[in-house]
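Notes follow once the structure below has been shown.
Within every chain, numbering begins at 1; the chains are lettered A, B, ... in the order of the sequence lines, protein sequences first and strands thereafter.
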Protein chains: 2
Amino acid sequence: MNTDTRETIMAAAKPMVQAHGYSGLSFREIAKTVGVKSASIHYHFPAKGDLGAALARRYTDDAAAAFEAIAARTADPAKRLHAYTDGFRLALENGNRMCLCGILAAEHDDLPDAVKAEVVRFGDVNVAWVAKVLSEAGVKDAEARALAIFAAIGGAQLAARSRGDITVYDGIVESYRAAGLIPA
Amino acid sequence: MNTDTRETIMAAAKPMVQAHGYSGLSFREIAKTVGVKSASIHYHFPAKGDLGAALARRYTDDAAAAFEAIAARTADPAKRLHAYTDGFRLALENGNRMCLCGILAAEHDDLPDAVKAEVVRFGDVNVAWVAKVLSEAGVKDAEARALAIFAAIGGAQLAARSRGDITVYDGIVESYRAAGLIPA
DNA sequence: ACCTGAACACCGTTCAAGT
DNA sequence: ACCTGAACACCGTTCAAGT
């Protein structure tokens, strides 16, 4: 039951993208970790964009599954949103990394179209879920507010990462709640 | 009165970083634009980090000057903050680019220390100015709120850039005001 | 079916050499 | 003082060749 090489490649590449971005993702580095030659990666992912798109697609699917799990665990909107913001905290906990699609968003101009499309889909999935939570809580303009919360969380992650200090993330998110952006 | 080569290099490099980031900044591309060979860039900026730090330093200084100009133009906190969020809108207007220090923040792990330090200073200058505006407006926890606003604006820029749609930025910022994050 | 070595045009960097 | 050509080790990609 040896592990699928394709899976091993994706597992090695994911944290690399979260730390160094798409442009910083190196086939030769992945190859070293996986134990193959860099040319072999191209057998599983013809071009770098194919790997990037596969990573972003799975990241979004995993997020969607996590959202469902949160919704199943609690019906309280405030608690659901706490679990939501905690989810983005995880990346920072894991070696000051970023949300995979967050760092990809910054690299927009250098992304193949397939990767760009997955980044947009990640946003759509996030906004749709947050909007549902908000509207169930009776928040007006739930869709617009959800997009604002999604964007704000990405910004909090960016600010915390630039200082290499996860407490910066916590403080910013707390301010979002105190100011009324995120229902508390 | 021929233009200083060092200045020409910085002028060429700035929009490149705002579009492609630090890692996407190419000495050979700069050289083509400036009309010299890539090796010549190293005469003015020994390493890429020296150029990156110089760009971030000037970007911060320019921002500080712009903040002073805003404060001199109007005393109304809401108007000052409108001018502030408009400032970040400019980068998006200019070819869907990002705040130079915003895109650098995403690349934190691959930045030389001198560049990292300038990115942090940009944040400090922003937060200090916004905090002053907020405290004059009687907002409590002005420092924390200023950091939250700064982060949120960065996130709005990131979200808008990922969709290549400046109206996304406008909508998010409007939501920030509607929710009470930014005094309106 | 899966992997590799070698080549290609890119990259930042270095340095001896030019003017 | 300022610039350059050539070399170095990197990069993604391609492809003929292996098993």
>> Check the orientation of B:Phe27 and B:His42. Use parallel for under 30°, tilted for 30 to 60°, and perpendicular for over 60°.
In response: tilted
> Given that A:Gly35 and B:Glu29 both sit by DNA chain C, which one's nearest nucleotide is further toward the 5' end?
Replying inline: A:Gly35
> Atom CZ of A:Arg6 to atom C1' of C:dC3: distance rounded to whole Å?
Replying inline: 17 Å
> Which part of the nucleic acid does A:Ser40 contact within heavy-atom distance under 4.0 Å: base, sugar-phosphate only, or nothing?
Replying inline: base
> Among the nucleotides C:dT14, D:dC11, D:dG5, which one has an atom lying closest to any side-chain atom of A:Arg28?
Replying inline: D:dC11
> Considering only side-chain heavy atoms of A:Ala47, which listed nucleotide, C:dT13, D:dC11, D:dT13, is closest?
Replying inline: D:dT13
> Given C:dG12, is OP1 or OP2 found less than 4.0 Å from the side-chain N or O atoms of B:Ser26?
Replying inline: yes
>> Using every non-hydrogen atom in the two residues, find where B:Arg145 and A:Ser175 come nearest and quote the distance to one decimal.
In response: N-OG, 4.1 Å
> Quick one: is A:Thr5 getting a side-chain N or O under 4.0 Å of the C:dC3 phosphate, OP1 or OP2?
Replying inline: yes
> A:Leu25 near the nucleic acid: base, sugar-phosphate alone, or nothing, with a heavy-atom cut-off under 4.0 Å?
Replying inline: sugar-phosphate
> Between A:Lys116 and A:Asp109, is a salt bridge (Lys or Arg N to Asp or Glu O under 4.0 Å) present by the stated rule, with each step listed?
Replying inline: CA-CA 9 Å; A:Lys116 277 198 196 98; A:Asp109 281 16; over 6 Å; no
>> Measuring to OP1 and OP2 of C:dC3, would you say a side-chain N or O of A:Tyr43 lies under 4.0 angstrom away?
In response: no
> A:Ala39 has a side chain; which of C:dT13, C:dC3, D:dC15 sits nearest to it?
Replying inline: D:dC15
> Looking at side-chain heavy atoms only, is the closest gap between B:Asn126 and B:Phe88 below 4.5 Å?
Replying inline: yes
>> Tell me the interatomic distance from A:His42, atom NE2, to C:dA7, atom C1', rounded to whole angstroms.
In response: 13 Å
>> Can you measure A:Leu51 atom CG to D:dC11 atom P for me and round it to whole angstrom units?
In response: 15 Å
>> Between P on D:dC2 and CD1 on B:Ile41, what's the gap in Å once rounded to a whole number?
In response: 14 Å
>> Can you measure B:Lys48 atom NZ to D:dC11 atom P for me and round it to whole angstrom units?
In response: 14 Å
> Of all the nucleotides listed (D:dG12, C:dT13, C:dC3), which has the minimum atom distance to the side chain of A:His44?
Replying inline: C:dC3
> To the nearest Å, how far apart are A:His20 NE2 and D:dC11 C1'?
Replying inline: 15 Å
> What are the two closest non-hydrogen atoms of A:Gly164 and B:His108, and how far apart are they?
Replying inline: N-NE2, 4.4 Å
> In whole angstrom, what separates B:Phe45's CZ from C:dT14's C1'?
Replying inline: 18 Å
> Between D:dT13, C:dG5, C:dT13, which one does the side chain of A:Phe27 approach most closely?
Replying inline: D:dT13
> Please give, in whole Å, the distance from D:dC11 C1' to A:Ile30 CD1?
Replying inline: 12 Å
> What is the pairing partner of D:dG5, taking Watson-Crick or G-U wobble pairs with both distances under 3.5 Å in any strand?
Replying inline: C:dC15
